[in-house]
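Computed from a prediction, not measured in an experiment: that's the story for all the values here. Numbering of residues begins at 1 and proceeds along the displayed sequence.
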Amino acid sequence: MEKTKKIINKTNIIFLILVVIITITTVIILQNTETSAVQSNAIQEETLKPIVSPDKIIGLVIADGNPQYDQMIANSIEKACNEKNWDILRQDCGGERGLVLSTASTFIDRNVDTLFVLAEDTETAKIIEGKADQAKVNVIFLDNSASEDASYYGIDYKYVGVLAGETLSKKAHEKLDNIDYFIMIYESDTQTNKANMLLDAENICKSKLGLNEKNCIRQKAHVDIESVKDQIIELLSKSDKSKKFAILCENDIFAKGTAEALKEQDFDRNSVVISFGCSALAKENFRSPDNSWVGSIAFFPEEYGINLIKMIEKNTKNKGQQAKTIHKLVDRSNINDIYPEKL
């Protein structure tokens with residue numbers, strides 16, 4: 001009996017020791033857990049700290065009717081805004097007029113500090129200008145102004161129309177003895193500043209090349225290289241190989257398709273092509289062997305961003321700011337001077 005009591009007491013002591021060990025271990029675990037939780041919360045709070053507020057919020061609506069060129073403008077603006085710590089709300093509209101209007105309206109309702117709009121037509125720009133005026137939102141139009149009073153940065157269409165007409169006429173005289181036909185390849189019948197620019201160039205060519213209306217061909221086209229190429233091939237199939245052409249293309253995509261068609265149909269030596277934009281297509285062409293595509297008038301879309309920033313910083317709210325981009329003919333003789341890198 002005495003022996004049994006000793007065993008029970010010993011068992012109780014062991015049990016008590018185990019309870020104490022378990023209790024101490026539990027306390028340590030709970031303390032470590034609490035410490036980890038505090039550290040975790042501290043890390044989470046650090047991670048979830050809000051981004052520093054932007055200095056300005058900019059709206060950017062790009063019609064994107066000429067994707068390669070318009071995207072260069074948009075990317076330039078986005079880069080410049082990011083460098084200034086300006087937040088940018090950007091919408092590329094794929095050439096849809098309705099989307100240009102609705103997005104511009106949305107940005108105006110959000111009361112952005114400044115709204116940049118590259119619209120395809122003057123009518124769309126005028127509607128946006130009216131909405132922005134009512135909301136007192138600063139809007140700057142790119143390459144297509146709403147009115148003479150609107151803030152604008154971009155192409156000097158009158159000057160460029162004259163430059164294109166004189167350049168094409170000069171290049172045609174240098175390469176060919178005479179010209180049989182003037183061809184203008186354009187995208188839209190909508191009345192725009194760009195349409196007036198093309199007509200100015202056409203009138204100069206007709207005058208300087210001694211052509212009348214029946215020797216002028218206006219070819220409407222879609223902004224697609226293969227589509228334009230097919231159209232020009234069909235047009236050339238109706239002409240004999242002795243005919244000579246001076247061709248004005250609204251953009252570099254049209255010029256690329258036209259140059260390929262002329263070469264394929266063996267009219268390359270009998271034609272000169274001038275375009276507008278000097279996009280990557282043009283730069284690549286002028287670094288390649290000579291062909292009918294002899295020049296493109298550059299508007300330097302890669303510089304739009306930094307110049308628009310200057311406009312905003314100079315005068316953020318007053319309407320009627322006007323600035324024009326640089327215009328320069330780029331061809332095989334100066335491509336490496338103007339664009340030293342293969343851009």
**Asked** Does K126 NZ have over 12 foreign heavy atoms under 6.0 Å away?
**Response** no

**Prompt:** Among I247, L262, I233, whose side chain to side chain contact (heavy atoms under 4.5 Å, CB included) with F267 holds?
**Reply:** L262

**Asked** Distance only, no hydrogens: is a donor on one side chain within 3.5 Å (strictly under) of an acceptor on the other, for S227 and D230?
**Response** no

**Prompt:** Do F107 and I58 have side-chain heavy atoms sitting under 4.5 Å apart?
**Reply:** no

**Prompt:** Do N291 and N285 meet the criterion of a side-chain donor-acceptor pair at a distance under 3.5 Å?
**Reply:** yes

**Close side-chain approach of M184 to Q219, heavy-atom, < 4.5 Å** = no

**Message:** Set out, in order, the CA-CA distance, both residues' side-chain angles and the distance that settles salt bridge (Lys or Arg N to Asp or Glu O under 4.0 Å) for E264 and K229, then state yes or no.
**Reply:** CA-CA 10 Å; E264 189 172 308; K229 180 179 176 181; 3.1 Å; yes

**Message:** Tell me the closest heavy-atom pair linking V273 and T258, and the distance in Å.
**Reply:** CG2-CG2, 4.1 Å

**Message:** Would you call the rings of F276 and F299 parallel, tilted or perpendicular, taking 30° and 60° as the class edges?
**Reply:** parallel

**Asked** Do F116 and L308 have side chains that get closer than 4.5 Å, going by heavy atoms?
**Response** yes

**Request:** Indicate yes or no: at least one non-hydrogen side-chain atom of L118 is less than 4.5 angstrom from one of I73.
**Result:** yes

**Complete:** Given the options I306, I312, I309, K84 meets side chain to side chain contact (heavy atoms under 4.5 Å, CB included) only with I309

**Message:** Please evaluate residues D290 and R332 with respect to the criterion salt bridge (Lys or Arg N to Asp or Glu O under 4.0 Å), reporting the C-alpha separation (whole Å), side-chain torsions for both, the decisive distance (0.1 Å), and the verdict.
**Reply:** CA-CA 8 Å; D290 197 12; R332 287 176 175 81; 3.5 Å; yes

**Prompt:** Are any non-hydrogen side-chain atoms of D143 and Y153 less than 4.5 angstrom apart?
**Reply:** no

**Request:** Would you check if I297 and K328 make a side-chain contact, meaning some heavy-atom pair closer than 4.5 Å?
**Result:** no

**Message:** For the residue pair N75 / R90, report whether a side-chain donor-acceptor contact shorter than 3.5 Å exists.
**Reply:** yes

**Atom pair OG1/CD1 of T114 and I57 - distance to nearest 0.5 Å** = 11.0 Å

**Message:** Looking only at the side chains, is there a donor atom on one of Y186 and E202 sitting less than 3.5 Å from an acceptor on the other?
**Reply:** no

**Prompt:** Is there a path of hydrophobic side-chain contacts, each under 4.5 Å between heavy atoms of I, L, V, M, F, W or Y residues, that connects Y339 with M72?
**Reply:** no

**Request:** Could you check if a side-chain atom of F286 sits within less than 4.5 angstrom of a side-chain atom of W293, using non-hydrogen atoms only?
**Result:** yes

**Fill in**
Smallest heavy-atom separation, I108 atom then I128 atom, equals CD1-O, 4.0 Å

**Asked** Would R97 and E123 count as a salt bridge (Lys or Arg N to Asp or Glu O under 4.0 Å) if you check the C-alpha gap in whole Å, the side-chain angles of each, and the deciding distance to 0.1 Å?
**Response** CA-CA 10 Å; R97 179 176 181 268; E123 189 59 37; 5.3 Å; no

**4.5 Å side-chain heavy-atom contact, F245 and S239** = yes

